[in-house]
Amino acid sequence: MLKRKDLLGLYDCSAEEISEILNAASEMRAFLENGRRHSDLLQGKSLITLFYENSTRTRASFELAAKYLGAAEVNIAVATSSVQKGETLIDTGKTLDAMKTDFIVIRHPMAGAPKLLAENVKASVLNGGDGMNEHPTQALLDMLALKQKFGKIKGLKVAILGDIKHSRVAKSNLFGLTKLGAEVYMYAPKTLLPREIERLGAKVAKSREEAIEGADGVMGLRIQLERQHGGLFPSLSEYSKFYGVKDGLLKYAKKDAVILHPGPVNRGVELTPTLIDGETSVIEEQVTCGVAVRMALLKLLSEYRENNL
Ligand code: CP
């Protein structure tokens with residue numbers, strides 16, 4: 001059983017915990033193929049999504065995950081909430097606690113905000129992405145999509161290309177994949193590749209070809225235009241030309257390699273449209289795996305709460 005109240009990042013999770021989540025998520029992935037998609041597993045429980053940044057996939061899939069398992073779910077629209085009147089994160093959290101909320105899913109531009117919230121509320125806090133720190137459920141769903149395809153994570157080579165510097169997805173994938181025995185190669189312009197990434201376990205490639213050579217999974221990362229403050233690369237078209245993943249580059253990967261992207265994608269920048277929509281793409285499967293992973297986490301954290309809190 002998962003022995004934690006919150007899910008804040010994969011840096012702090014053991015390989016056993018990550019495997020347990022992926023095993024439960026595989027079962028939920030099968031459940032999603034069932035036309036009825038309803039269970040009473042979380043009946044009487046409640047989930048609130050509290051997003052200080054935009055989202056389509058993460059927020060909707062947490063809300064659907066809660067609904068499919070029978071929990072009540074509510075979204076706090078931060079732009080029209082009392083946050084705008086100056087309410088602090090901790091006061092907002094305590095208010096949600098007082099409503100007897102079981103789960104709070106938070107996305108926040110500040111790294112560490114989910115941890116601060118978790119330390120001050122009784123609800124289980126799930127990190128839906130905090131600044132440039134972590135996006136653990138995204139990495140778990142990426143890993144589930146790879147596990148669905150290859151039946152394992154251990155021994156896989158995954159190439160991650162794009163805006164590593166600003167990417168919480170890259171960091172969570174690095175922690176999760178290497179803990180389960182995969183190799184992670186990264187490639188980006190030097191300005192988008194933090195020096196400490198090798199110390200964290202990544203292998204830094206000297207070219208796109210080296211990163212992709214023999215890879216089982218090739219992941220493009222979104223150029224985060226909202227976090228760029230100029231000068232990190234000359235232009236989007238030059239970025240695409242020299243650092244984007246083009247159709248011809250896939251010949252360096254394994255024959256059955258898959259294309260991944262966390263979304264939302266800048267079409268033609270990180271990946272060509274033919275790769276995004278092609279047969280090797282598992283981008284839509286990643287989205288479905290996102291619902292399964294979030295269902296699994298709600299189930300496992302709920303079991304922990306019933307037995308320990
Ligand atoms: N991948 C991801 O986090 O997407 P959203 O921003 O749409 O949630």
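Values below: every heavy atom of this structure, side chains too, minus hydrogens, waters and symmetry copies. All ligand and atom numbering here is 1-based and tracks the order in the structure.
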Pairing donors with acceptors under 3.5 angstrom, does anything connect the side chains of [X] and [Y]?
X      : Y      : value
Gln138 : Asp142 : yes
His38  : Asp40  : yes
Ser235 : Glu238 : yes

Can an N or O of Pro262 be found at a distance shorter than 3.5 Å from an N or O of ligand 1?
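N/O-N/O distance under 3.5 Å: yes.
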Are any of the N/O atoms in Arg59 less than 3.5 Å from those in ligand 1?
no
List the closest protein heavy-atom neighbour of atom 4 (O) of ligand 1: residue, atom name, distance to the nearest 0.1 Å.
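So the nearest neighbour among protein heavy atoms is Arg57 CD, 3.5 Å.
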Looking only at protein heavy atoms, which one is nearest to atom 6 (O) of ligand 1, and what is the separation?
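The protein heavy atom lying closest is Arg107 NH1, 2.9 Å.
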In ligand 1, which numbered atoms sit nearer than 4.0 Å to a non-hydrogen atom of Thr56?
5 (P), 7 (O), 8 (O)
Is Gly263 in contact with ligand 1, taking contact as a heavy-atom separation below 4.0 Å?
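Yes; Gly263 lies near enough to ligand 1 that a heavy-atom distance drops under 4.0 Å.
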Any donor-acceptor pair under 3.5 Å from Ser240 side chain to Leu236 backbone:
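It does not hold such a pair.
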For the pair Lys94 and Ile90, evaluate side-chain contact (heavy atoms from CB on, under 4.5 Å) and give the outcome as yes or no after the intermediate values.
CA-CA 6 Å; Lys94 286 186 185 298; Ile90 293 174; 3.8 Å; yes
